[in-house]
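Report on the structure given below.
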Amino acid sequence: GTDAAAEPYSLTRGQVVSIPYTTQNVSLFTEPVAVALATTTAGAEIRYTLDGSTPTEESPEYTKPITVGSTGVVKAVCFEENALPSRTLMLSYIINEGHSLPVVSLVSEDTTEFSQMYNGPAKGVELQASISLYRDGSGFTAPCGVSLNGETSLVMSKKNMSLRFRGSYGQETLQYDIFGGGATEFTNLLLRAGQDQEQAIIRNELSQSLCEKADMDVINQRSIFCVLYVNGEYSGIYTLKEKANKYLYAAVAGVDPDSV
């Protein structure tokens, strides 16, 4: 959405406006922040919301930086006459929360659909979302799909979720060094609450970290503990971890995924 030479088209062959963007660094904030937005589509209007809803042509028009004074979500969509609206830019701002763990923020495009999926629970449903990581003054924000993962956690208050990166969401893979070397390109990640979420939340992670330190040729799921926000609301301690699939095995072993 930041390449002025790109002219994206939908499957209906209608011209689509480029997604709005911000040049602000991904970070945690200790005071109110002024959110500056822009578009590469000349003449397009940027409409935004601060309540988690998807912007429409009736939403406030962006004319100057938006002041965000507390933890929340900014969503923005570009509109242009005779063109389809852009994809939704989803940004989360974590302000003066004082966390010592890395912070992960998940924002769904449609909060009602996410609530129905999560509380249903409805496994097998994938919804468009955005994932952000804030750690040590750096991090990333990337579009993705989100779905429920696993079985046992479906009946628990905190549920495991799978993140899927696809070109249809705007990014085929995530390229970022999350776990300190090794595989740094991901098609999938997991947000895991753990079956021991009401106790120590370390059972699987401890076993896997011991396996990683052992002198064995074992492909292991690496993870980091984090604080999770979902649609601007605190959701507790989770782990962000690799998802065991052929893409992870191929990346670690240095082979073609189709050979796995």
Side-chain angles (χ1 to χ4, degrees), residues 1-27 29 33-68 72-94 104-114 126-134 138-147 163-176 185-189 229-232:
T2 60
D3 183 359
E7 294 185 358
Y9 286 82
S10 74
L11 294 178
T12 57
R13 299 188 180 182
Q15 188 170 356
V16 181
V17 185
S18 293
I19 188 171
Y21 67 93
T22 180
T23 56
Q24 267 172 326
N25 292 330
V26 173
S27 181
F29 297 93
V33 57
V35 181
L37 303 175
T39 175
T40 59
T41 304
E45 294 181 346
I46 302 175
R47 301 282 177 166
Y48 71 92
T49 61
L50 302 176
D51 63 359
S53 62
T54 301
T56 69
E57 291 181 280
E58 305 303 317
S59 300
E61 182 180 359
Y62 174 82
T63 57
K64 62 181 180 181
I66 306 160
T67 300
V68 178
V73 171
V74 176
K75 292 184 178 179
V77 173
C78 279
F79 295 91
E80 185 184 27
E81 190 175 356
N82 299 322
L84 296 175
S86 71
R87 293 193 301 270
T88 304
L89 175 68
M90 294 174 271
L91 302 171
S92 55
Y93 291 88
I94 312 301
V104 171
S105 179
L106 176 69
V107 180
S108 63
E109 179 163 29
D110 190 311
T111 55
T112 299
E113 288 185 351
F114 179 86
E126 185 174 287
L127 302 176
Q128 188 162 346
S130 174
I131 188 73
S132 300
L133 170 67
Y134 307 96
S138 63
F140 64 81
T141 293
C144 65
V146 60
S147 59
L163 307 175
R164 182 69 162 92
F165 301 97
R166 302 180 189 274
S168 58
Y169 295 134
Q171 195 164 314
E172 194 73 38
T173 61
L174 172 68
Q175 298 185 42
Y176 190 83
E185 183 174 8
F186 307 95
T187 59
N188 299 75
L189 290 169
Y229 282 78
V230 176
N231 292 322

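All of these numbers come straight from a predicted model, not from anything done at the bench.
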Q) Judged by atom type as modelled, is there a donor-acceptor pair below 3.5 Å linking the side chain of Glu172 to the main-chain atoms of Gly167? A) yes

Q: Write down the atom of Ser18, the atom of Thr39, and the distance for their closest heavy-atom approach.
A: O-OG1, 4.1 Å

Q: Would you mind reporting whether Pro65 and Val35 have side-chain heavy atoms less than 4.5 Å apart?
A: no

Q | From Leu37 atom CG to Cys78 atom SG, the distance as rounded to the nearest 0.5 Å | A | 8.5 Å

(Q) Do Leu50 and Val74 have side chains that approach each other closer than 4.5 Å (heavy atoms only, starting at C-beta)? (A) yes

Q: Evaluate the ring planes of Phe29 and Tyr93, with Trp represented by its six-membered ring, and classify them as parallel (under 30°), tilted (30 to 60°) or perpendicular (over 60°).
A: tilted

Q) Looking at Phe165, Tyr176, Tyr134, which one forms a ring pair (Phe, Tyr, Trp, His ring centres under 6.0 Å) with Phe140? A) Tyr176

(Q) Which heavy atom of Arg87 sits nearest to which heavy atom of Ile19, and what is that distance? (A) O-CG1, 3.4 Å

Q. Heavy-atom distance under 4.5 Å between the side chains of Pro60 and Tyr48, does that happen here?
A. yes

Q.
Within this structure, what is the CE-CG distance for the pair Met90 and Leu106, rounded to the nearest 0.5 Å?
A. 9.0 Å

Q) Quick one: SG on Cys144 to CD on Gln171, what's the gap to the nearest 0.5 Å? A) 9.5 Å

Q | Ser147 side, atom OG; Phe114 side, atom CZ - distance, nearest 0.5 Å | A | 10.5 Å

Q: Could you tell me which non-hydrogen atom of Thr111 sits nearest to which non-hydrogen atom of Gly52, and how far apart they are?
A: CG2-O, 3.5 Å

Q) Looking at Glu126 and Arg166, what are the two nearest heavy atoms and their distance? A) OE2-NE, 2.8 Å

Q. What distance do Tyr21 atom OH and Thr141 atom OG1 have between them, rounded to the nearest 0.5 Å?
A. 16.0 Å

Q: Work out which heavy atom in Leu89 is nearest to a heavy atom in Thr22; give both atom names and the distance.
A: CD2-N, 4.4 Å

Q.
Contact between Ile131 and Val146 at the side-chain level, heavy atoms closer than 4.5 Å - yes or no?
A. no

Q) Nearest 0.5 Å, what's the CD-OG distance between Glu80 and Ser86? A) 10.5 Å

(Q) Under a 3.5 Å threshold, yes or no: a donor from one side chain and an acceptor from the other, between Thr54 and Asp110? (A) no

**Q.** Short side-chain donor-acceptor distance under 3.5 Å, Thr88 and Glu109
**A.** yes

Q. Which heavy-atom pair separates Arg47 from Phe79 by the least distance, and what is that distance?
A. CG-CD1, 3.6 Å

Q | Stepwise side-chain contact (heavy atoms from CB on, under 4.5 Å) check, Val33 with Gln24 | A | CA-CA 10 Å; Val33 57; Gln24 267 172 326; 3.4 Å; yes

